[in-house]
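The block underneath contains the structure these notes are about, expressed in structure tokens.
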Amino acid sequence: MEGYAKVAQLMATYEEFAILRRFKRLNYQNLLYLQAQIIHLEDSLGRLVDQDATHSKRKEYTEDWWKLSHGKGRAGKAQWRKIRRIRKKLKEYNEILLQQVYISKLEGPNLNDLEFLRSWFERPSMGCFPIRGLDYKAWEQRLENDLIAIKPRVPPDPFSKWITNTIFPLYHRVFGVKFHVRKVLRPLIGDGLYTYEESLLGSIINVITTVVAAVLPLLSIVVLYIVDSDATKLGIIVIFSACFAFVLAVMTSARRIEVFAATAA
């Protein structure tokens, strides 16, 4: 399996690597062209309406759809033909506009996944430059802001993001390459791939979060019990309240109002 089929196999096997261009500039340029066409059609329709309003047999077009749609002769049918043309162009414009609204909401790729995809393209044991045409530049660094991921890995909170994007890659470079078992998929998408169960990583993060949630309140009670000075106790309460709010903000996906409510409680 070579070429585009090999790239497609990688993306189908690991969908987080299904990273493609969104073509923002071209999409907006296309919308601008359609908008310009409709504006010109609108102007042309306005002139036809004004012309028909001065004609004895066509002045009722603005008030009677039947007469408008069943006009006689070339001039009598001109306004309705223009309306039907505008209707088709509006349908095309609205469909593309809604598609662009949807596309603009799609997440960009995880930077680690994007870096791996670039590396995979270049490594002889993996992609080995499967695409040789002009489109091999689609994943270049200058185009990062124009890329979307079909199924991006989006951690639910800042702590999970830090573990996933910083600590876990560091673990892989130091320990994973030595002890983890490679998954051999050659000749489908190449050799030298290491796979980890994402559920395991999620479980580790959940355990850490649960332990911190259990220990932090108990720790504050123990410290307050040991300290005798009332002034010091007040300072400790402020510090632990700030720590509690920080943990909520970083290790959970709680909204601001929920953080305020939990800290006040």
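Contact annotation: the side chain of Arg84 approaches that of Trp80 to within less than 4.5 Å [non-hydrogen atoms, C-beta and beyond]. The closest side-chain heavy-atom distance from Asn110 to Pro152 is not below 4.5 Å. Looking only at side-chain heavy atoms (C-beta outward), Val207 and Val211 come within less than 4.5 Å of each other. No side-chain heavy atom of Tyr14 sits less than 4.5 Å from a side-chain heavy atom of Asp113. Lys57 places none of its side-chain heavy atoms less than 4.5 Å from the side chain of Lys72. At a threshold of 4.5 Å between non-hydrogen side-chain atoms, the residues Leu10 and Trp120 count as touching. Under the 4.5 Å side-chain criterion, counting only non-hydrogen atoms from C-beta, Ser220 is not in contact with Tyr225. Side-chain contact between Leu45 and Glu42: absent, with no pair of heavy atoms (C-beta onward) separated by less than 4.5 Å.
More than 12 heavy atoms of other residues, nucleotides or ligands sit less than 6.0 Å from atom NZ of Lys233. By the neighbour-count criterion of 12 heavy atoms within 6.0 Å, atom CG of Leu134 is sparsely surrounded, having that number or fewer from other residues, nucleotides or ligands. For Lys82, the NZ atom is densely surrounded, since the number of other residues' heavy atoms within 6.0 Å is greater than 12. Residue-environment remark: CG (Asp50) exceeds the threshold of 12 foreign heavy atoms within 6.0 Å. In the displayed structure, His40 atom NE2 is contacted under 6.0 Å by at most 12 heavy atoms of other residues, nucleotides or ligands.
Atom CD1 in Ile38 sits 9.5 Å away from atom CG in Leu31 (nearest 0.5 Å). Taken to the nearest 0.5 Å, the CD atom of Gln100 stands 9.5 Å off from the NZ atom of Lys24. For the atom pair CZ (Arg153) and CZ (Phe17), the distance works out to 6.5 Å, reported to the nearest 0.5 Å. Between the CD1 atom in Ile221 and the CD1 atom in Ile226 there is a gap of 12.0 Å [rounded to 0.5 Å]. Note that OG1 of Thr62 is 9.0 Å distant from CG of Leu68, once rounded to the nearest 0.5 Å. With values rounded to the nearest 0.5 angstrom, Asp146 atom CG is found 8.5 Å from Leu26 atom CG.
Salt bridge status for Lys91 with Glu95: present, with a side-chain N to carboxylate O gap under 4.0 Å. Of the charged side-chain nitrogens involved, at least one lies within less than 4.0 Å of a carboxylate oxygen, so that Glu92 and Lys89 count as a salt-bridged pair. Ion pairing between a basic and an acidic side chain is recognised when a charged N comes within 4.0 Å of a carboxylate O; Arg22 and Glu144 show no such pairing.
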Next item on the list: Test Glu115 against Trp139 for side-chain contact (heavy atoms from CB on, under 4.5 Å), laying out the working first.
Entry: CA-CA 9 Å; Glu115 286 299 323; Trp139 298 272; over 6 Å; no

Notebook entry, point to check: Passes side chain to side chain donor-acceptor pair (under 3.5 Å), Lys59 versus Thr54? Steps please.
Noted result: CA-CA 6 Å; Lys59 63 182 180 180; Thr54 61; over 6 Å; no

Next item on the list: Check the pair Lys137, Glu140 against side-chain contact (heavy atoms from CB on, under 4.5 Å), reporting the backbone distance first and the verdict last.
Entry: CA-CA 5 Å; Lys137 298 180 179 179; Glu140 287 185 344; 3.3 Å; yes

Next item on the list: Run the numbers on Tyr33 and Gln37 for side chain to side chain donor-acceptor pair (under 3.5 Å), then give the verdict.
Entry: CA-CA 6 Å; Tyr33 287 148; Gln37 287 179 277; over 6 Å; no

Item checked: Test side-chain contact (heavy atoms from CB on, under 4.5 Å) applied to Ile131 and Phe121, step by step -> CA-CA 8 Å; Ile131 295 177; Phe121 268 97; 4.1 Å; yes

Item checked: Audit row: Val223, Val227, side-chain contact (heavy atoms from CB on, under 4.5 Å) steps and yes/no -> CA-CA 6 Å; Val223 174; Val227 175; 4.3 Å; yes

Check: Does the pair Gln51 and Arg47 meet the rule for a side chain to side chain donor-acceptor pair (under 3.5 Å), with working shown?
Finding: CA-CA 6 Å; Gln51 291 174 12; Arg47 291 197 300 270; over 6 Å; no

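Considering every non-hydrogen atom in both Asp135 and Tyr4, the closest pair reads OD2-OH, 2.8 Å. Closest of all the heavy-atom pairs between Leu143 and Arg21 is CD1-NH1, 3.6 Å. Annotation for Pro109 and Ala149: closest pair CA-CB, 3.7 Å, computed over non-hydrogen atoms. Across all non-hydrogen atoms, the minimal contact from Ala75 to Arg58 is CB-NH1, 3.8 Å. The two residues Tyr61 and Lys67 come nearest to each other via the heavy atoms CE1-O, 3.3 Å. Residue Gly133 comes nearest to Tyr136 through the heavy atom pair O-CD2, 2.7 Å, listed as atom of the first residue, atom of the second, then distance.
Tyr28 and Leu20 end up in different hydrophobic clusters when Ile, Leu, Val, Met, Phe, Trp and Tyr side chains are linked at under 4.5 Å. Hydrophobic cluster membership is shared by Phe244 and Leu219, with clusters built from Ile, Leu, Val, Met, Phe, Trp and Tyr side chains linked at under 4.5 angstrom. With hydrophobic clusters built from ILVMFWY side chains whose heavy atoms lie under 4.5 angstrom apart, Ile103 does not share a cluster with Leu97. A single hydrophobic cluster is seen to contain both Leu216 and Ile237, as judged by linkage of ILVMFWY side chains at heavy-atom distances under 4.5 Å, directly or through other members. Put simply, Leu114 and Leu106 are part of two different groups of oily side chains (I, L, V, M, F, W, Y) that touch within less than 4.5 Å, one to the next.
Although no hydrogens or angles enter the test, the distance criterion places a donor-acceptor pair under 3.5 Å between the side chain of Arg81 and the main chain of Arg74. No side-chain donor-acceptor contact under 3.5 Å links Asp64 to the backbone of Glu60.
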